[in-house]
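Please read all numbers here as calculations on a predicted model, not as lab measurements. Both ligands and their constituent atoms are indexed starting at 1 by order of listing.
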Amino acid sequence: MQNALADHAWWQHGVVYQIYPRSFQDGNGDGIGDLSGIIRRLDHLVALGVDAVWLSPIYPSPMADFGYDVADHCAIDPTFGTLEDFDRLIDAVHGRGLRLILDYVPNHTSDRHPWFVASRASRRSEQRDWYVWHDPAPDGGPPNNWLSEFGGPAWSLDAATSQYYYHAYLPEQPDLNWRHPAVRDAMLDVLRFWFRRGVDGFRVDAIHHLIEDEELRDNPPNPDWRPGMSPAKRVLRTHTMDQPEVHEAIMAMRRVADEFGDRVMIGEAYLPIDRLMAYYGSDLSGFHLPFNFHLIATPWQPAAIAALIDAYEAALPNGGWPNWVLGNHDRSRLASRLGPDQVRIAAMLLLTLRGTPTIYQGEEIGMSDVPIPPEQVQDPWERNVPGLGLGRDPVRTPMQWDGSAHAGFSPVSPWLPVAQDHAVVNVASQAADPRSVLALYQALLRLRRTRPALSIGSYQPIAADTAVLAYARRYGDEHLLVALNFGGTTATLRQVRPGRLLLSTELDRSGQVIRDRLELRPNEGCILEIGGPGLP
Ligand code: NOJ
């Protein structure tokens, strides 16, 4: 097996696990997660069986957007620890055979970043053009109709210099001007700084927002906008997202990664499949993995998902490596989005599709979104645009390690409330239960490691009952069949070639021999090995 995988990069056959550092493990007793806490919990990731850890931002930040407002790209926020803690973390990660991926936030900085402080100080500041400044419209208002993702206009007036600056997100997150060569150089040096410290790759934040229309044309109105939708969607982001110049910038980032060899660049871009493909770059000179978020929004039913897989597979550029994401710190959790009955199906799907999967912390125990009372809301998006369900606090609550008062996350009351169900849904109790969701994730990840068909094999759809999604994964002689019952009643897959059950989502019938028909219980998924000893 080792040989089979040797032709592939670690980020192709590996599995990524996302840690949201504020909520993973508090190591110093202040109610907020940190690097020493992560070090303490690394063995959970080893037992789980993932290959790489991606950390959401850990850099110094006023935390207006919880770290996605970076005030210094080359240091660690004291809330999370120190550079020495970081070095300990990277050693501990590598010592366990894991890789470390950091978040890189190139689109904007904090308004407290020294670059912005200098930029706003005067119109004549040497760094004025490091950000996107413009004169007011003739009526004194913003230069155009561009809107902030987090509500309100995307322009804020700097009274002292009488110009507006652009921010795709909060006013506290001014956009960098990537058309300026000095910005580009400075930001590329940030990558080098961390690569030299041993980082194995980056997840690049909000890449589709990196560059805006130079002529500042108004965005057209969105005919599909309805009350209840995010106000930012009142206009189409025609001139503020996915501009052609972004690809040059991505290639420059990639060239830096290539200077160091064997590193991965992952891009965050919420785009339709055809436009997403351009993020692999011409001749694959862009991201290794432009995040594929399409499973998140596709209706949770077999025909729609089969069609998505086909469309994605067909659109991939030659040699482009696929990837799949089911959730992250910005999106509703699986148990809440799909219902608890489908959590195991989601796990089996994510970990058996062709391509690199990313697991968000807590999904491996089936955590749910936690309702946050208005007075405890932290997320600036929810504060700015309350009541529409846009807030992301519910998916960022502390990791549930055990059934104790604060779920083993912290000795004190944490920055966001712990889920009430933590007495039942937690790592310790699931580790002791051979049929838990955690046990299923572990079994799936073990299987991925030992069966190249699952990590690097081909994918072939199989026609099935309307409630069932079925496909084959093959590598050499290894022929696996995955069948997932999305329905709440029994389903049958007919004309199955004889095989042996490797894994059921219920973890109770491995080894069963299947001849001709595979009966799936409600919400059950199975992985079958076709053929094998004693079978035709
Ligand atoms: C995407 C990140 O995932 C999100 O959490 C953040 O608020 C925005 N980018 C802005 O950086």
* **Over 12 foreign heavy atoms within 6.0 Å of CD, Gln420** =>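 Atom CD in Gln420 is not packed in, count stays at 12 or less.
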* To do: Compute the centroid of each ring, for Tyr280 and then for Phe287, and state whether the two points are separated by less than 6.0 Å.
  =>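 Not under 6.0 Å, so no.
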* Asked: Are Arg331 and Tyr270 in a cation-pi setup, meaning NZ or CZ lies under 6.0 angstrom from the ring centre and within 45 degrees of the ring axis?
  ->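 Relative to the ring axis of Tyr270, which defines the angle, Arg331 lies inside both limits.
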For residues 368-377, please give each side-chain donor-acceptor pair under 3.5 Å, one per line with the distance, not counting sequence neighbours.
from	atom 1	to	atom 2	distance (Å)
Asp369	OD1	Arg333	N	2.7
Asp369	OD2	Ser332	OG	2.5

* Asked: Heavy atoms under 4.0 Å from ligand 1: which residues qualify?
  ->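 Residues within 4.0 Å of ligand 1: Asp65, Tyr68, His108, Phe150, Tyr169, Arg203, Asp205, Glu268, His329, Asp330, Arg392, Arg396.
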* Using a strict 4.0 Å threshold on nitrogen-to-oxygen distance, state whether Arg237 and Glu212 make a salt bridge. =>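 No, no charged N to carboxylate O under 4.0 Å.
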* Judged by atom type as modelled, is there a donor-acceptor pair below 3.5 Å linking the side chain of Trp54 to the main-chain atoms of Thr358? ->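 A pair under 3.5 Å: no.
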